[in-house]
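Within every chain, numbering begins at 1; the chains are lettered A, B, ... in the order of the sequence lines, protein sequences first and strands thereafter.
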Amino acid sequence: KDTDTSFQINSLTGLITEVRVDGVSMPLTQNFFYYEGYVGDNRVFSNRSSGAYVFRPYGPIKPASNGVRFTPIIGEIIAEARQTFNEYISQSIRINRIENYIEFDWVIGPLPTNELRGREIVTRYSTNFQSNSTFYTDSNGKEMLKRRINFRPTWKLNVSEPVSGNYYPVTSKITIRDEQQHLELAVLNDRAQGGSSLNDGEIELMIHRNCLHDDAFGVGEALNETAFGKGLVIRGSHYLTFGYTDNRKAQTPAFIEKDIAQKKLLDSWTFISPLQTTPKEYQ
Amino acid sequence: RIDLNALREAMGVMQHHDAVTGTEKQHVANDYARLLQRGIEECEIISNAALNKLTNGTTNSSSHNPEESVQPFYHCPLANISQCASTENLDNFVVTIYNPLSRSIDKVINIPVVGGSYNVTDSKGVAVLTQLVPIADFVINIPGRSSNATYDLYFVATAIPALGFKSYIVSKTKSKNNDYNSEETSNRISI
């Protein structure tokens, strides 16, 4: 109501197809995928298992599901689409009447453990951006650092791990830009994650993983956390926003991103007190 | 200051690189959770004292009037899975929102409740817009969740002052007697 922010879902696929933030629209899709973790005897580097310390995918990325069931809920304060991708991946895509972002609130787990290889779950946001193999991450938690696929600024890189060799820490934000359209897309995460932009116009973030074999780097146990006797279930959010980087709008993406970051990292505290008198007396 | 020490020490322990990246062993992860929980519980003592001073309008201990009522301020550490013992079991309660930023903000507040109909009024007694949304099945079924809450109650807290607070009174009602009474969002379609 107060902000011109919305999204569209394709009723056949159940996936998001377009987003609108502060009156600016663009096509965007989002889906969940997984990598299988490499399993080896750890004797030489090429046989190193994917584990707590290292991410070594085995084979190509795979979609987490073939179809998505979804339920829209539309109200005066929030509107959301609840999506169920499979038995261990669900999500609510949510907007509210006062904020300039779209929230992706995911619930992942328990991941399957009945296979040889662990699963490493990622989410991908795909746009038509021409991002020239370049993206930005706040890996040191202080400033946005420029990243280029298959490139290091101080030496000639021979990439032997095309996926994990391009993954970087994302402390609270990852962005891509389209210099021709003067657009910037940002995903703010509520916890540190690994992320990349392996293809132009895409942002990929890893949000959950289990590795059924130790990587022999020191932890001495498989990464297969449990809670209440089952594999760990995690819940968290990504906040997606975008806008024009030139001055055609009053609020630039940097302004909106800083506003969201402040509100999320220094979130307000909510306390509950029993009402011991009548509401009138309390007032 | 003593009440802050447990969390201070826990945060000191958690500068270790295994705590930062999550590469600690499982039993160490469990111990980190124990340390953090204990630290946060001790900080509740000081946040309760501070909020009582703020809400009673006193700013230092010398001006504290012993006859002023001491009000408990509970927080809901499991609100992220729509579970809160206080809001689920009370028909009438006060929601106090403290804003730690140095500027005024608006915020969408989300509280797990058992369902029905609710009135939310601000400090002047003016009813605010609310929305009741059924909690998603995939949240209700999270292992370890133990809650009677089946709905999330949403309302917008407006103009929470910088480094200040705002309180709202939530009351469960039997009848829907005004436009701002919350009721379940009706246009819910499964596709």
>> Which atoms of A:Val219 are under 4.5 Å from chain B, going by heavy atoms: the side chain, the backbone, both sets, or neither?
In response: both
> Taking side chain as C-beta onward, heavy atoms only, is B:Phe93 less than 4.5 Å from A:Gln276?
Replying inline: no
>> Using heavy-atom distances under 4.5 Å, tell me whether B:Asn92 contacts chain A through its side chain, its backbone, both, or neither.
In response: both
> Are more than 12 heavy atoms from other residues, nucleotides or ligands located less than 6.0 Å from atom CZ of A:Phe255?
Replying inline: no
> Do the side chains of A:Glu76 and B:Tyr154 get nearer than 4.5 Å, heavy atoms only?
Replying inline: no
>> Between A:Glu99 and chain B, with a heavy-atom cut-off of 4.5 Å, which part of the residue counts as in contact: side chain, backbone, both or neither?
In response: side chain
> Which atom pair, heavy atoms only, marks the closest approach of B:Ser82 to A:Arg235?
Replying inline: OG-NH1, 4.3 Å
>> Surrounding NZ of B:Lys25 (heavy atoms of other residues, nucleotides or ligands, distance under 6.0 Å), is the total greater than 12?
In response: yes
>> Side chains of B:Arg103 and A:Asp259, heavy atoms from C-beta outward: is any pair under 4.5 Å?
In response: yes
>> Looking at A:Arg97 and B:Asp106, is there a salt bridge between them, counting it only when a charged N and a carboxylate O are closer than 4.0 Å?
In response: no
>> One pair to check against side chain to side chain contact (heavy atoms under 4.5 Å, CB included): A:Ile272 and B:Val95. What are the steps and the verdict?
In response: CA-CA 5 Å; A:Ile272 310 295; B:Val95 179; 4.0 Å; yes
> Do B:Cys76 and A:Thr270 touch side chain to side chain, with heavy atoms closer than 4.5 Å?
Replying inline: no
> For A:Gln283 and B:Asp122, which heavy atoms make the closest approach, and how far apart are they?
Replying inline: NE2-O, 4.3 Å
>> For chain A, which candidate among B:Gly125, B:Gly144, B:Ala157 shows the most heavy-atom pairs at distances under 4.5 Å?
In response: B:Gly144
>> Please classify the contact of B:Val170 with chain A as side chain, backbone, both or neither, using a heavy-atom distance under 4.5 Å.
In response: neither
> B:Leu101, B:Ile97, B:Asn99, B:Leu90: which one forms the most heavy-atom pairs within less than 4.5 Å of chain A?
Replying inline: B:Leu101
> Which of parallel (below 30°), tilted (30 to 60°) and perpendicular (above 60°) describes A:Phe271 and B:Phe73?
Replying inline: perpendicular
>> Please evaluate residues A:Tyr282 and B:Gln71 with respect to the criterion side chain to side chain contact (heavy atoms under 4.5 Å, CB included), reporting the C-alpha separation (whole Å), side-chain torsions for both, the decisive distance (0.1 Å), and the verdict.
In response: CA-CA 11 Å; A:Tyr282 186 84; B:Gln71 183 174 214; 3.2 Å; yes
> Minimum heavy-atom separation for A:Lys263 to B:Ile105, with atom names?
Replying inline: CE-CG2, 4.0 Å
> What part of A:Ser237 is in contact with chain B, defined as an atom under 4.5 angstrom from a non-hydrogen atom: side chain, backbone, both or neither?
Replying inline: neither
>> Please determine whether side chain to side chain contact (heavy atoms under 4.5 Å, CB included) holds for the pair A:Gln262 and B:Ser102, giving the CA-CA distance in whole Å, both sets of side-chain angles, and the decisive distance to 0.1 Å.
In response: CA-CA 10 Å; A:Gln262 283 187 354; B:Ser102 57; over 6 Å; no
> So which of B:Ser86, B:Ala79, B:Ala29, B:Pro143 has the biggest tally of heavy-atom pairs under 4.5 Å with chain A?
Replying inline: B:Pro143
> A:Glu87 versus chain B, heavy atoms under 4.5 Å apart: side chain, backbone, both or neither?
Replying inline: neither
> B:Asn89, B:Thr121, B:Leu51: which one forms the most heavy-atom pairs within less than 4.5 Å of chain A?
Replying inline: B:Leu51
> Is there a donor-acceptor pair closer than 3.5 Å between any side-chain N or O of A:Glu225 and the backbone N or O of B:Gln26?
Replying inline: no
> For B:Phe138, does its backbone N or O pair with a side-chain atom of A:Ser90 as donor and acceptor, under 3.5 Å?
Replying inline: no
May I have the list of side-chain donor-acceptor pairs in residues 160-169 of chain B shorter than 3.5 Å, sequence neighbours left out?
| residue | atom | partner | partner atom | Å |
| --- | --- | --- | --- | --- |
| B:Lys166 | NZ | B:Thr158 | O | 2.6 |
| B:Ser167 | OG | B:Thr96 | OG1 | 3.0 |
| B:Tyr168 | OH | B:Thr158 | N | 3.2 |

>> Are the side chains of B:Pro100 and A:Trp269 in contact, using a 4.5 Å heavy-atom criterion?
In response: yes
> Considering all heavy atoms of both residues, which atom of B:Val156 and which atom of A:Ile77 are nearest to each other, and what is their separation?
Replying inline: CG2-CG2, 4.0 Å
Donor-acceptor pairs under 3.5 angstrom involving side-chain atoms of residues 11-22 of chain B: please list them, not counting sequence neighbours.
| residue | atom | partner | partner atom | Å |
| --- | --- | --- | --- | --- |
| B:Gln15 | NE2 | B:Met11 | O | 2.7 |
| B:His16 | ND1 | B:Asp18 | N | 2.9 |
| B:Asp18 | OD1 | A:Tyr53 | OH | 3.1 |
| B:Asp18 | OD1 | B:Thr23 | OG1 | 2.6 |
| B:Thr21 | OG1 | B:His17 | O | 2.8 |
| B:Thr21 | OG1 | B:Thr23 | OG1 | 2.9 |

>> With a 4.0 Å cut-off on N to O distance, would you call A:Asp267 and B:Lys107 a salt bridge?
In response: yes
